[in-house]
Enquirer: 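Next up is a structure, given as structure tokens.
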Amino acid sequence: MKSTCIPVVLFLLMLPNADAYDPLDPTGNITIKWDIVSWTADGYVAAVTMSNFQMYRSIMNPGWTLGWQWAKKEVIWSMVGAQTTEQGDCSKFKGNVPHCSKKNPIVVDLLPGVPYNQQFSNCFKAGVMSAWGQDPTGSVTAFQVSVGLAGTSNKTVKLPKNFNLLGPGLGYTCGPAKVVPSTVYLTPDRRRKTQALMTWNVTCTYSQYLASRNPSCCVSFSYFYNETITPCPACACGCQNKNNCVMSDSKQAHRKGINTPRKDNAPLLQCTHHMCPIRVHWHVKLNYKDYWRVKIAITNFNYRMNYTQ
């Protein structure tokens with residue numbers, strides 16, 4: 001046992017801290033692509049596309065949050081299809097006032113129903129993105145950003161750094177921006193190709209261990225000829241929420257706003273012995289030589305999250 005465990009522990013310690021890994025979908029990721037589509041007097045206009053290439057993990061309400069750090073003293077003059085959460089101190093600007101002057105802007109998606117002049121392709125979905133394996137058309141979101149006080153050529157543009165993605169909670173780790181071959185576009189008549197002036201990609205991967213130390217679900221089991229149910233273990237998902245849970249028969253469970261999601265993805269759980277947001281129960285109904293049949297019941301104990309996907 002000792003000779004087996006020690007190499008495994010050493011291997012885990014040798015893994016880079018910035019890397020994330022999802023054993024359910026080892027090749028899945030969210031790719032953020034920046035395409036510079038035009039130069040301006042003091043910077044550029046870029047189309048930013050986020051593609052969820054994960055097979056099973058979608059981004060649900062209240063949606064994604066994307067942040068980065070500018071390499072120089074860049075500002076965001078305007079945005080279409082998204083907005084920053086803060087404008088920052090713009091007192092030094094005498095003429096045009098930028099949309100955001102912060103060194104570390106934080107961007108969120110627009111809500112449905114925004115005016116037409118603020119819309120961009122695949123935007124205004126409140127930050128919700130489907131998984132590629134479930135709905136490829138709903139797994140993409142995009143926005144446009146006009147950047148000032150930046151470079152005005154491929155040689156003078158400095159790539160943003162320190163990207164971070166919340167989806168909506170913790171779990172994603174983003175690598176550095178890397179320049180890639182420029183994106184090629186087809187015109188609507190599909191007879192002419194155009195390309196971006198410059199393109200860079202940022203890849204973000206998910207790890208359940210970064211999202212939470214404890215599992216997010218537990219499994220119980222029952223059999224057709226046995227009345228005994230094997231329940232989820234006590235505190236299967238940790239008991240850190242034991243003092244802040246809601247009894248199923250409590251009036252608090254029906255209070256207005258109790259199921260409002262929070263941006264930090266903090267759960268509000270129903271009081272159970274396992275304290276898990278999700279319970280998956282397997283009940284074996286038939287067990288023959290050539291096949292078996294099982295009924296799976298999934299129960300949501302988190303008042304603040306609807307697992308629609």
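Along the sequence shown, the residues carry numbers beginning at 1.
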Enquirer: Test your reading of the model: is there a side-chain donor-acceptor pair from Lys103 to the backbone of Trp70, 3.5 Å cut-off?
Expert: yes
Enquirer: Indicate the atoms forming the closest heavy-atom contact of Ser139 with Ala131, along with that distance.
Expert: CB-C, 4.1 Å
Enquirer: Does any N or O in the side chain of Ser207 come within less than 3.5 Å of the main-chain N or O of Tyr209, such that one atom is a donor and the other an acceptor?
Expert: yes
Enquirer: Any donor and acceptor pair, going by atom type alone, linking the side chain of Lys102 with main-chain N or O of Val75 inside 3.5 Å?
Expert: no
Enquirer: For the pair Trp34 and Trp200, name the ring-plane relationship: parallel under 30°, tilted 30 to 60°, perpendicular over 60°.
Expert: parallel
Enquirer: Between Asn52 and Arg57 (side chain of the first, backbone of the second, donor and acceptor by atom type, cut-off under 3.5 Å), is there such a pair?
Expert: yes
Enquirer: Anything under 30° is parallel, anything over 60° is perpendicular, the rest tilted; go ahead and classify Trp39 against Tyr44.
Expert: perpendicular
Enquirer: His281 pairs by side-chain contact (heavy atoms from CB on, under 4.5 Å) with which of Cys232, Ser220, Cys218?
Expert: Ser220
Enquirer: Quiz question: by atom type and distance under 3.5 Å, do the side chains of Thr137 and Asp135 form a donor-acceptor pair?
Expert: yes
Enquirer: For Ser101, is there any backbone N or O sitting under 3.5 Å from a side-chain donor or acceptor partner on Gln87?
Expert: no
Enquirer: For Leu269, does its backbone N or O pair with a side-chain atom of Asn302 as donor and acceptor, under 3.5 Å?
Expert: no
Enquirer: Do any N or O atoms from the side chain of Asn226 and from the backbone of Thr228 form a donor-acceptor pair under 3.5 angstrom?
Expert: yes
Enquirer: Going through the distances and angles, do Val179 and Leu159 end up as a side-chain contact (heavy atoms from CB on, under 4.5 Å)?
Expert: CA-CA 9 Å; Val179 176; Leu159 276 57; 3.8 Å; yes
Enquirer: What's the verdict on side-chain contact (heavy atoms from CB on, under 4.5 Å) for Trp68 and Ile32, showing C-alpha distance, side-chain angles and the deciding distance?
Expert: CA-CA 12 Å; Trp68 63 83; Ile32 305 167; over 6 Å; no
Enquirer: Spell out, as yes or no, whether a donor-acceptor pair under 3.5 Å connects the side chain of Thr49 to the backbone of Lys33.
Expert: no
Enquirer: What's the shortest heavy-atom distance between Asp109 and Trp64, and which atoms?
Expert: CB-CZ2, 3.5 Å
Enquirer: Do Trp282 and Ile298 belong together in a cluster built from hydrophobic side chains that touch within less than 4.5 Å?
Expert: yes
Enquirer: Where do Ala196 and Tyr185 come nearest, in terms of heavy atoms and distance?
Expert: N-CE1, 3.9 Å
Enquirer: Taking the side chain from Asp42 and the backbone from Leu149, do they hold a donor-acceptor pair closer than 3.5 Å?
Expert: yes
Enquirer: Okay, side chain of Thr199, backbone of Thr183: is any donor-acceptor separation there less than 3.5 Å?
Expert: yes
